[in-house]
Every structure is written in C-alpha cells, then in structure tokens.
Amino acid sequence: MMIIQNDFSLSGSDGKLIIGDITFDDKNPNTPIVLFVHGFKGFKDWGTHHLVARYFASNGYRYIKFNLSHGGVPADHPVDVTDMEAFASNTISKELFDVNAVLDFITKAYGSETRVNLIGHSRGGGLAIIEAANDVRINKLITWSAISSFNSLWKKEQEAEWKKTGKIFVTNARTKEQMPLNVTLLEDFEQNTQTFNIIDAAKRINIPWLIVQGDDDVNVPFEHAQKLADANPNSRLAKIEGANHVYGASHPYETETLPPLLLKVCERCLTFLDE
C-alpha cells in the first residue's frame, strides 16, 4: 500500500482560487469518495487533517479536502488564516458556491454516477447539511461538531453595530488576532434566511446521516447536535465522551498518530460508511 496525495486547484466564488488535495492508496484506485468541508477559521491543512485523510485512504476511501476560497488562507502560504481581506468578505453563499464547485470537479473527474460521502466540521457541518438536503450527488452525510444555525457564530446584540460600522471582529483563540467580518456576511444571511435554515434542511435529509458531537465542546455546545438529531429522527447521534470541538487535535500538530478521541471518531465514521 502506498498513500499518495495529489493537489488540485479550481476557480471558486468571485474567481478566487480553491486549492485542495486528494489522498488515496495507489494500489486501490477505484475507491469511494469522502469529501471534507472545514469550519470557520479552519482550513484543509489545519492540525490533524492530513492524518484523518491518511486514515480513510488506508481504509479504502479516496479522501478529498479543500480550502474554501474566502477562508483567508492564501494559496502560496496554506498553513494559516492570514488573508484578512478575503476572510472579511466571506459569506455563506460564497461557501456553498465553493462546495458545489468541488462537487462539480469530482463529478467531472470521476464520472456523473459518482456519489460522494460528505463530512463537514463545525460551520462546514452546517454547509454539509444544506448541501445534502439539496444535492442528489451526496451518498451519506457525517457532521462533526456541526452548528444548528449560522447566526450562532455571532451575537445578536452585535448586529446593530455591525450594520452601522460595516464590520465586526472575532478573536482567533490561538493567535489572539482580531479577525474582521464585513456586514456582507450578515446581509447575505438575512437575504437567504430560508435557504440557510440548517434545521429546515436537516428535516429534509433522506440519506444516512451520522451526527458526531463531543460532550465537552465549548465552541458548539452539545445542544446543537441534539437539535439536529431531533429534526431528523432517521439520523444517528454519536456522543463522544470528554471530547472538545476538535476531538483532542491542535494546530500545529507534531505527532504522527491521531489523538485517541479523534481516532475513535474516525473508526465510528468508517463503520458507518462501510455499512
């Protein structure tokens, strides 16, 4: 077995670049696809994502991950969120455009019959739920620490100031940097509240869905997972005891083995995918 990683790039929202990579075992080329969608302030090369990719590749899957075009991670320095202009101008519409662009790329590369297993983390989980409710190309859905509403990412009382000044700031917990968000994010959300209603989308999902959530997650509390599970009785909720928002991972991550709780998550997901 030899695990290979191939890079790709394509045009995303507003013509900005989406960079991504495909991890697979070259001895076993015709394997089912897993597509991973990162969260807010996340990116494809964050922390343990390469180890997760290798885990799925060594267990018979082709694992595809990518950077959302306005995630703020420059193509020439893909190790951190440093392009604050792109980050500030991001919207949910732009992110959904990018997810669709990558799905189109997969369809083109692997054939129109290809069905994709989708994993979304945190805000990426919200995107994945909306995509899975509306796109027949999705085979199975897995959400990790997914939000149940997009406006949980800011405080209601910030909205008036946001509209007045045109931007608010969020703190990067790791670097302590103040990261700007333009009011276009709020406007996009308000113009598309129905389309972007994650709970409504959750009710419409009719494919197998595994909801993974740590019970020690301070970023997205467990009640989000409970709301999603309640919205879709056919979904399965896997509570990971003692797990935080990233299941024990960190960035940068220097060890060559997955954190125990994240390994547990991967094993649970593999069982679900192999069913």
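Please read all numbers here as calculations on a predicted model, not as lab measurements.
Remark: Lys27 does not engage Asp25 in a salt bridge, criterion side-chain N to carboxylate O under 4.0 Å. Using a cutoff of 4.0 Å between basic side-chain nitrogens and carboxylate oxygens, Arg123 and Glu95 are scored as salt-bridged. Using a 4.0 Å cut-off between a side-chain N of Lys or Arg and a carboxylate O of Asp or Glu, Glu275 and Arg236 qualify as a salt bridge. A salt bridge does not link Lys264 to Glu241: none of the charged side-chain nitrogens sits closer than 4.0 Å to a carboxylate oxygen. Using a 4.0 Å cut-off between charged side-chain N and carboxylate O, Asp104 and Arg137 make a salt bridge.
Taking the six-membered ring where the residue is Trp, Trp154 and Trp162 present perpendicular rings, their angle passing 60° and hence far from 30°.
There is no path of hydrophobic side-chain contacts, each under 4.5 Å, that joins Val136 to Ile33. No continuous path of ILVMFWY side-chain contacts below 4.5 Å connects Phe97 to Ile130, so the two sit in separate hydrophobic clusters. Clustering ILVMFWY residues whenever any of their side-chain heavy atoms sit less than 4.5 angstrom apart, transitively, puts Leu185 in a cluster other than the one holding Phe169. A continuous path of Ile, Leu, Val, Met, Phe, Trp and Tyr side chains, each step under 4.5 Å between heavy atoms, connects Tyr110 with Phe24, placing both in one hydrophobic cluster. Transitive grouping of hydrophobic side chains (ILVMFWY, heavy atoms separated by less than 4.5 Å) keeps Val246 and Val218 in distinct clusters.
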Checklist entry - Could you walk me through whether Asn151 and Phe196 pass the side chain to side chain contact (heavy atoms under 4.5 Å, CB included) check? => result CA-CA 10 Å; Asn151 60 352; Phe196 297 163; over 6 Å; no
Next on the checklist: Before you tell me yes or no, could you show the steps for Leu103 and Glu131 under side chain to side chain contact (heavy atoms under 4.5 Å, CB included), namely the whole-Å CA-CA distance, both residues' side-chain angles and the distance that decides it to 0.1 Å?
Outcome noted: CA-CA 10 Å; Leu103 283 163; Glu131 197 61 46; 3.7 Å; yes
Checklist entry - Does the pair Asn244 and Asp216 meet the rule for a side-chain hydrogen bond (donor to acceptor under 3.5 Å, both in side chains), with working shown? => result CA-CA 5 Å; Asn244 66 5; Asp216 197 21; over 6 Å; no
Next on the checklist: Using the rule given for side chain to side chain contact (heavy atoms under 4.5 Å, CB included), can you reason through His38 versus Trp46, listing the C-alpha separation, both sets of side-chain angles and the distance that settles it, and then say yes or no?
Outcome noted: CA-CA 9 Å; His38 68 75; Trp46 186 92; over 6 Å; no
Item to check | Derivation and outcome, side chain to side chain contact (heavy atoms under 4.5 Å, CB included), residues Arg204 and Asn134 | outcome: CA-CA 8 Å; Arg204 289 188 286 117; Asn134 297 305; 3.0 Å; yes
Next on the checklist: Show, in sequence, the C-alpha distance, side-chain angles and deciding distance for Thr31 and Asn28, and conclude whether the side-chain hydrogen bond (donor to acceptor under 3.5 Å, both in side chains) test is met.
Outcome noted: CA-CA 7 Å; Thr31 50; Asn28 193 3; 5.7 Å; no
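Although no hydrogens or angles enter the test, the distance criterion places a donor-acceptor pair under 3.5 Å between the side chain of Asp215 and the main chain of Gly242. No donor-acceptor pair under 3.5 Å is formed between the side chain of Glu190 and the backbone N or O of Glu187. A donor-acceptor pair is defined here as one N or O able to donate and one able to accept, closer than 3.5 Å; no such pair exists between the side chain of Lys41 and the backbone of Val170. In this structure, Ser13 contributes its side chain and Asp98 its backbone to no donor-acceptor pair below 3.5 Å. In terms of modelled atom types and a separation under 3.5 Å, the side chain of Asp14 and the main chain of Lys16 share no donor-acceptor contact. Between the side chain of Asp45 and the main chain of Val79, no donor-acceptor pair closer than 3.5 Å is present. His251 contributes a side-chain N or O that, together with a main-chain N or O of Gly47, makes up a donor-acceptor pair within less than 3.5 Å. Remark: the backbone N or O of Thr91 is not paired with any side-chain donor or acceptor of Asp188 at under 3.5 angstrom. With hydrogens and angles ignored, the 3.5 Å screen pairs no side-chain donor or acceptor of Ser122 with any backbone N or O of Gly124.
Residues His49 and Lys65 have side chains in contact (heavy-atom distance under 4.5 Å, counting atoms from C-beta outward). The closest side-chain heavy-atom distance from Thr107 to Thr114 is not below 4.5 Å. The shortest side-chain heavy-atom distance between Leu228 and Trp209 falls under the 4.5 Å cut-off. Side-chain atoms of Ser11 and Ile18, non-hydrogen and from C-beta on, never get closer than 4.5 Å to each other. Glu177 is listed as a side-chain neighbour of Met84, based on a closest heavy-atom distance under 4.5 Å. Using a 4.5 Å cut-off on side-chain heavy atoms (C-beta onward), Val116 and Asp135 make no contact. Looking at heavy atoms from C-beta onward, Asn192 lies out of side-chain contact with Phe189 at the 4.5 angstrom threshold. Between His224 and Ser152, some side-chain heavy-atom pair lies under the 4.5 Å cut-off.
The minimum heavy-atom distance linking Gly126 with Ala146 is given by the pair N-CB, 4.4 Å. A pairwise comparison of heavy atoms in Ala101 and Leu10 identifies O-CD1, 3.6 Å as the closest pair. In terms of heavy atoms, Ala53 sits closest to Thr23 at CB-OG1, 3.6 Å. Between Asn232 and Ala202, the shortest heavy-atom contact is ND2-O, 2.7 Å. The shortest heavy-atom contact between Ile138 and Ala132 is CG1-CA, 4.0 Å. Among all heavy-atom pairs drawn from Gly60 and Pro32, the shortest one is O-CD, 3.4 Å.
Between His121 and Phe40, the ring centre distance reaches or exceeds 6.0 Å.
Note that NZ of Lys155 is 5.5 Å distant from CD of Gln158, once rounded to the nearest 0.5 Å. Atom NZ of Lys167 is separated from atom OG1 of Thr165 by 8.5 Å, given to the nearest 0.5 angstrom. Atom CD of Gln191 and atom OG1 of Thr193 lie 9.5 Å apart (nearest 0.5 Å).
Its side chain within the 4.5 Å cluster rule, Leu270 clusters with Val34, Phe36, Leu51, Val52, Tyr55, Phe56, Tyr61, Tyr63, Ile119, Ile142, Trp144, Leu210, Val212, Ile240, Tyr247, Tyr253, Leu258, Leu261, Leu262, Leu263, Val265, Phe272, Leu273 among the Ile, Leu, Val, Met, Phe, Trp and Tyr residues. Membership of the apolar cluster around Leu17 extends to Ile19, as traced through chained side-chain contacts below 4.5 Å between ILVMFWY residues.
Listed by first and then second residue, the side chain to side chain donor-acceptor pair (under 3.5 Å) pairs that reach into residues 78-87 are Asp80-Arg174, sequence neighbours excluded.
The 12-atom threshold is exceeded at CG of Asp274, counting heavy atoms of other residues, nucleotides or ligands nearer than 6.0 Å. Within 6.0 Å of CZ on Arg54 lie no more than 12 heavy atoms contributed by other residues, nucleotides or ligands.
Of the candidates Ile4, Asp7, Ile64, Asn67, Asp21 forms a side-chain contact (heavy atoms from CB on, under 4.5 Å) with just one, namely Asp7.
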